[in-house]
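Step one of this worksheet: look at the structure below.
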Protein chains: 2
Amino acid sequence: MQSYTEENYLKIIYHLSVISNPVQTNAIAERIQTKAASVTDMLKKLADKALVDYTKYQGVNLTQKGKLAAINIVRRHRLWEVFLVEKLNFKWDEVHDVAEELEHIKSNLLVERLNEFLDFPKVDPHGDPIPDKDGNFESLGFVKINQLKDNESGTIMGVSEHSTAFLKHLEKLGLILGKTIKLIEISAFDSSAELLVDQQYINISKELAKHILIKKLV
Amino acid sequence: MQSYTEENYLKIIYHLSVISNPVQTNAIAERIQTKAASVTDMLKKLADKALVDYTKYQGVNLTQKGKLAAINIVRRHRLWEVFLVEKLNFKWDEVHDVAEELEHIKSNLLVERLNEFLDFPKVDPHGDPIPDKDGNFESLGFVKINQLKDNESGTIMGVSEHSTAFLKHLEKLGLILGKTIKLIEISAFDSSAELLVDQQYINISKELAKHILIKKLV
DNA sequence: TTTATAATTTAGACAAATCTAAAAATTAAA
DNA sequence: TTTAATTTTTAGATTTGTCTAAATTATAAA
Ligand SMILES: [Mn+2]
Ligand SMILES: [Mn+2]
Ligand SMILES: [Mn+2]
Ligand SMILES: [Mn+2]
């Protein structure tokens, strides 16, 4: 079994390894709000436990064992987020911090019963896929708004940023999961995106656009 | 805010102070599965935080502040137990350990929403009262089976022991919450109790009887 | 290819919570 | 009321996770 802290490291390494491989010490330090020296210490410990492959100065990769452990934490995090939104009426921008704590509760029975109680959800409130017990989940293959071509339409399926500020802002613009949008054009000046949403034209920054995941209409 | 560990100490001290006042170092050590020396260290820390009144060699009492904190943890513990039984179909002997972890999740919003979701329960699955937000709850004034007089009847309202072995045993005997029983007599030989339950006569040990809480029939 | 910059690791220290062994205080027994 | 037993506290160490400052290694620039 891993400690609360070890679990957090594993999860962060997992998320970062989607972006870069291997994962660098500083990247972890920044995400986990700690110093690089602390990260190094922990990487050695995780390597001792065979949860990561670690080579000095070269960064880390999760081992199969580490990856499974990480995905399991992600599974619990996302199931709890569904619970908070669906059952306790949390808003999608209120769930993350609480889920950060709930994800560490150690009880397989609890997770399986929760999954059943929630009727086996496939995605969390931010559109992220929920892995099954064995760590498998479909990669959903969405594209970001700023990757659409002019005049392409699609449905908002998820977000790649979980901060309250971001999520509240999205909601205010009516850009919630399930909404269909059409990209009119990307500005040549500031890369902002002009969208058609609910028969209205709105303009959103690239910062915003790049965190909104779209399923293209066929 | 208190740490996970501090919260556990506060809760144990609270439960023990019902039995004896002040609470002794060894009693805490036994309950918390640690050594007396560790308890002494923690008592000093809790005293520094004004959560307990502590005099060397004399034991501790909770301060008002400490008592409120303790009751709040008890409140969360019992609400989560209700959730596990009512919503996730846990049995009453399966909930305690998970609730021990869940009670430490820090979010007032979570607790209040959970309370609402559970429809403001007054007692937990073991019949223990759930304090309100301000720490108030009715003392329910139940008596233990071995305190009944011969031929007195009553309803099982709770238990004062939470171990799986105890609860499973009770259930096998049909002694669940809400059941009405009649005490026929206490044996002069071994203090065991003869009961009438469901038109059947059964005999239970004093060990069992003293942990079953009864509301007398008027 | 040397030099400068950035990233990473070591060394040494610290706080929280725990432990063992020994000392001190309290309580019970003689 | 002195002695013995019990309870509690101190002293000193250990583990986990963290930190700062200094030393290494790797990478980018000249
Ligand atoms: Mn989240
Ligand atoms: Mn999420
Ligand atoms: Mn319990
Ligand atoms: Mn209970």
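Since we're looking at a predicted model, the values are computed, not measured. Just so we're on the same page: letters track the sequence lines, and every chain starts at 1.
Residues that satisfy the salt bridge (Lys or Arg N to Asp or Glu O under 4.0 Å) test with K215(B), not counting sequence neighbours, are absent from this structure. Applying the ring-ring contact (aromatic ring centres under 6.0 Å, His included) criterion to F137(A), with sequence neighbours excluded, gives no partner residue. Partners of A193(B) according to the side-chain contact (heavy atoms from CB on, under 4.5 Å) rule, which considers only residues two or more places apart in sequence or in another chain, are I145(B), L183(B), I186(B), L195(B), I204(B), A209(B). By the salt bridge (Lys or Arg N to Asp or Glu O under 4.0 Å) test, E86(B) pairs with no residue at all, sequence neighbours left out.
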* **Sequence-aligned protein contact record of nucleotides 4-13 of chain D, with B where the base is within under 4.0 Å of a protein heavy atom and S where only the sugar-phosphate is** => ---SBBB---
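Nucleic acid contact for T5(A): sugar-phosphate only, since backbone atoms but no base atoms lie under 4.0 Å from a heavy atom of the residue.
Summarising the geometry, the separation between CD on E6(B) and P on dA15(C) is reported as 15 Å, rounded to the nearest angstrom. A straight line from CD of Q2(B) to P of dA16(C) spans 14 Å, rounded to a whole angstrom. The distance from atom CD1 of I28(A) to atom P of dT8(C) is 9 Å, rounded to the nearest whole Å. Here dT15(D) presents its P atom at 14 Å from NZ of K49(A), a figure rounded to the nearest Å. Note: NZ (K35(B)) to C1' (dT15(D)) measures 16 Å, nearest angstrom. The CE atom of M1(A) sits 18 Å away from the C1' atom of dT16(D) (whole-angstrom rounding).
A cation-pi arrangement is present between K87(A) and F117(A), with the terminal nitrogen or guanidinium carbon under 6.0 Å from the aromatic centre and inside a 45° cone about the axis.
Each of E100(A), E6(A), H104(A) was compared with K11(A) under the side-chain hydrogen bond (donor to acceptor under 3.5 Å, both in side chains) criterion, and only E100(A) meets it.
Non-hydrogen atoms lying under 4.0 Å from DNA chain D are contributed by nothing in residues 9-16 of chain B.
Remark: the H77(A) side chain and the D124(A) side chain contain no N/O donor-acceptor pair separated by less than 3.5 Å.
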* Stepwise, does the side chain to side chain contact (heavy atoms under 4.5 Å, CB included) test hold for L167(A) with H126(A)? -> CA-CA 9 Å; L167(A) 295 171; H126(A) 312 103; 3.8 Å; yes
* To do: Report the C-alpha separation of L110(B) and F90(A) in whole Å, then their side-chain angles, then the decisive distance to 0.1 Å, and conclude whether the side chain to side chain contact (heavy atoms under 4.5 Å, CB included) test is met.
  => CA-CA 9 Å; L110(B) 177 64; F90(A) 276 60; 4.2 Å; yes
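One finds a side-chain N or O of T34(B) lying less than 4.0 angstrom from the OP1 or OP2 phosphate oxygen of dC19(C).
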